[in-house]
Amino acid sequence: MASLIVTAALLVAVLVASLARTEGRRRTAGFAAVWPTGVAAVIAAAGLSHEVLTRGDIAGASLTVLVAVLTLVVQVFADRHLRGDPRARAFFALSALVAAGSTVAVSADGVVLLAGGWTVATAGMIGLIGTGSRGPQTRAAVRRAALALGMGDAALWLAVAITITTIGSVNLADLENLRGAPAVAVGVLVAVTAIARAGSFPVHTWLAATAATTTPASALLHAGFVNAGALLLLRFAEVPSVIGPWIVGVAGGITLLAAAVAMRTRPDVKGRLVQSTAAQMGFMLLACGIGAFGVALVHVLGHALFKASLFLGAGSAVERAIALRSAPTAPRSRGGSAAAAGAVIVVGAAVILLGGAVAHTSAVLLLFVVATAALAGARLGGATSSPGIRALLVALVAGAVVGYVLVVARGAEALAPVEPAAALSPLFALAVFVVASVLALVSSTSGRAADAVFAFAFAWGRSPLPVAARTTDTTTPPTAARGPLEYGRLS
């Protein structure tokens with residue numbers, strides 16, 4: 001019931017943004033949509049416990065709150081960011097439409113309703129990407145998004161058609177009755193849908209192209225859109241399809257490895273953030289592939305809030321980078337970095353072994369958590385602050401690892417208390433971790449191997465070239481209409 005009211009409030013926001021006049025000179029056109037969106041956020045948060053108790057759907061209720069609250073935050077930010085932009089009204093209307101479609105998709109208990117909300121969100125997001133500008137970059141982004149997301153939606157509707165004709169039911173609870181070839185086909189099609197929405201290999205270029213759109217639109221990608229694949233795979237987890245998890249896991253692993261390295265080659269803030277998102281979505285798909293849906297959903301919630309805030313603060317990141325470049329740099333302590341990283345690794349290994357986490361399917365994914373924490377510890381341990389401050393910060397990082405392993409990783413299972421009908425072996429995730437470690441070591445050195453990795457990563461992470469840019473005379477200085485400098489240099 002709460003999700004229905006949330007959806008209705010968001011649809012009202014669409015109408016308000018489209019029809020209401022601007023209230024005063026200090027408000028952006030379409031800003032009135034914030035009020036019904038705010039009502040939707042409040043109702044979603046208030047109805048969280050009711051939805052959990054009545055339906056037992058913790059994952060769907062949590063994502064409904066995420067979608068409504070994050071959309072509200074981004075709309076409030078867009079009031080100033082898009083002031084004077086002629087496409088501001090379209091942004092507010094389309095953002096509410098995407099939120100409404102996402103709410104329907106994550107709270108649906110039937111395959112038709114899920115696919116309907118999924119497609120509405122897709123259409124709205126393609127329109128949102130188009131609000132960036134009228135230049136060739138934005139047009140290229142819209143084309144690629146429409147092609148990749150349209151393919152994913154077509155796969156989902158085909159899976160729905162196969163499901164209905166096979167078992168004669170639209171209820172998600174009846175998906176376990178699929179058997180044989182129809183089950184395999186549905187598993188493959190749903191995997192394709194999740195991969196396309198996450199912007200993962202082999203349709204990863206549409207996500208990189210979204211760097212051309214507005215900052216609020218980039219932030220809204222994380223409001224239950226690119227990360228909705230985790231919930232979709234969870235809904236279809238009881239379909240006995242062995243091939244589906246393989247497709248999801250392999251695509252996620254490749255994207256994780258390539259995008260993580262590509263992120264380090266990007267000179268622009270939004271380009272780095274986009275590749276970081278792609279790598280995180282690869283991790284999400286990898287977790288779903290081995291059946292660790294709880295960890296994947298916790299990752300979705302945390303990553304959505306964190307990365308949306310980074311996109312909204314991208315302008316401040318530029319200012320901080322300029323300030324850091326102009327400030328004098330002191331030599332870092334290599335010994336402090338090594339000691340800090342070692343301490344975090346020891347603490348992480350001890351809590352995993354002694355805390356009983358090894359017995360869980362998601363245990364192998366904790367290697368990524370410990371490695372990330374070790375890198376953070378090394379950075380803090382090698383800083384130029386006093387030894388006491390550094391020790392305190394490293395201790396906090398180690399404590400965060402302990403809390404994640406003992407509390408978050410275990411509590412994640414409550415989000416998705418489902419035993420998948422088919423899943424990859426955790427050894428596949430272990431192999432991805434080993435390859436990622438090797439790539440990290442190679443890319444931090446110099447030589448032919450490092451150059452080859454850099455060249456591949458740069459090509460992977462580069463935004464797709466608009467058609468106009470390919471025929472542009474490279475001797476002519478690029479203009480704002482032609483896009484970034486790289487479009488004038490590359491053919």
Side-chain angles (χ1 to χ4, degrees), residues 73 219 222 256 259-261 263-264 266 269 272-273 275-277 279-280 283-284 295 298-355 357 362-412 433 436-437 439-441 443-445:
V73 171
H222 302 82
L256 169 61
V261 182
M263 178 184 64
R264 303 178 63 181
R266 298 304 306 162
V269 175
R272 284 175 175 263
L273 292 177
Q275 291 305 318
S276 173
T277 292
Q280 299 291 346
F283 178 83
M284 176 195 76
V295 172
V298 167
H299 182 73
V300 163
L301 295 172
H303 172 261
L305 297 174
F306 175 67
K307 192 54 64 68
S309 67
L310 289 182
F311 268 108
L312 296 181
S316 300
V318 174
E319 296 176 358
R320 288 195 298 269
I322 294 174
L324 288 175
R325 289 178 182 178
S326 60
T329 57
R332 298 180 60 84
S333 172
R334 294 186 178 181
S337 295
V344 172
I345 292 174
V346 169
V347 171
V351 72
I352 291 174
L353 295 175
L354 301 178
S362 60
V364 66
L365 299 176
L366 295 177
L367 293 174
F368 293 91
V369 176
V370 174
T372 303
L375 291 175
R379 189 175 184 85
L380 294 173
T384 57
S385 55
S386 64
I389 297 297
R390 284 184 285 167
L392 176 61
L393 294 176
V394 172
L396 290 175
V397 172
V401 172
V402 174
Y404 185 92
V405 173
L406 297 181
V407 179
V408 178
R410 289 186 177 182
F433 175 78
S437 301
L439 286 176
L441 291 174
S443 61
S444 62
T445 60

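Heavy atoms only: backbone and side chains are in, while hydrogens, waters and symmetry mates are out. Keep in mind that this is a model prediction, so the values were computed, not measured.
The two atoms that bring Ala279 and Ala259 nearest to each other are N-CB, 3.6 Å, heavy atoms only. For Ala340 against Val394, the heavy-atom pair with the smallest separation is CB-CG2, 3.6 Å. Across all non-hydrogen atoms, the minimal contact from Val300 to Met284 is CG2-SD, 3.5 Å.
Sorted by first then second residue, the ring-ring contact (aromatic ring centres under 6.0 Å, His included) pairs that include residues 366-396, not counting sequence neighbours, are Phe283-Phe368, Phe368-Phe433.
In this structure, Leu256 CG and Gln280 CD are separated by 8.0 Å, a value rounded to the nearest 0.5 Å. Of the inter-residue distances, the one linking Leu366 atom CG with Thr372 atom OG1 reads 11.0 Å to the nearest 0.5 angstrom. With values rounded to the nearest 0.5 angstrom, Leu367 atom CG is found 6.0 Å from Ile352 atom CD1. The CG atom of Leu393 lies 6.5 Å from the CD1 atom of Ile389; values are rounded to the nearest 0.5 Å.
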TODO: Begin with the C-alpha distance, continue with both residues' side-chain angles, and end with the deciding distance and a verdict on ring pair (Phe, Tyr, Trp, His ring centres under 6.0 Å) for His222 and Phe311.
DONE: CA-CA 10 Å; His222 302 82; Phe311 268 108; 5.4 Å; yes
Task: Test log, rule side chain to side chain contact (heavy atoms under 4.5 Å, CB included), inputs Gln275 and Val261 - done: CA-CA 9 Å; Gln275 291 305 318; Val261 182; over 6 Å; no
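Not one N or O on the side chain of Ser276 forms a donor-acceptor pair closer than 3.5 Å with the backbone of Arg272. Looking only at distances, no side-chain donor or acceptor of Arg390 sits under 3.5 Å from a matching main-chain atom of Gly382.
For the residue pair Arg264 and Ser443, a side-chain donor N or O sits within less than 3.5 Å of a side-chain acceptor on the partner.
Of the listed residues (Leu375, Leu380, Val397), just one forms a side-chain contact (heavy atoms from CB on, under 4.5 Å) with Val344, and that residue is Val397.
Within the 4.5 Å cutoff, the side chain of Leu365 has no heavy atoms near those of the His299 side chain.
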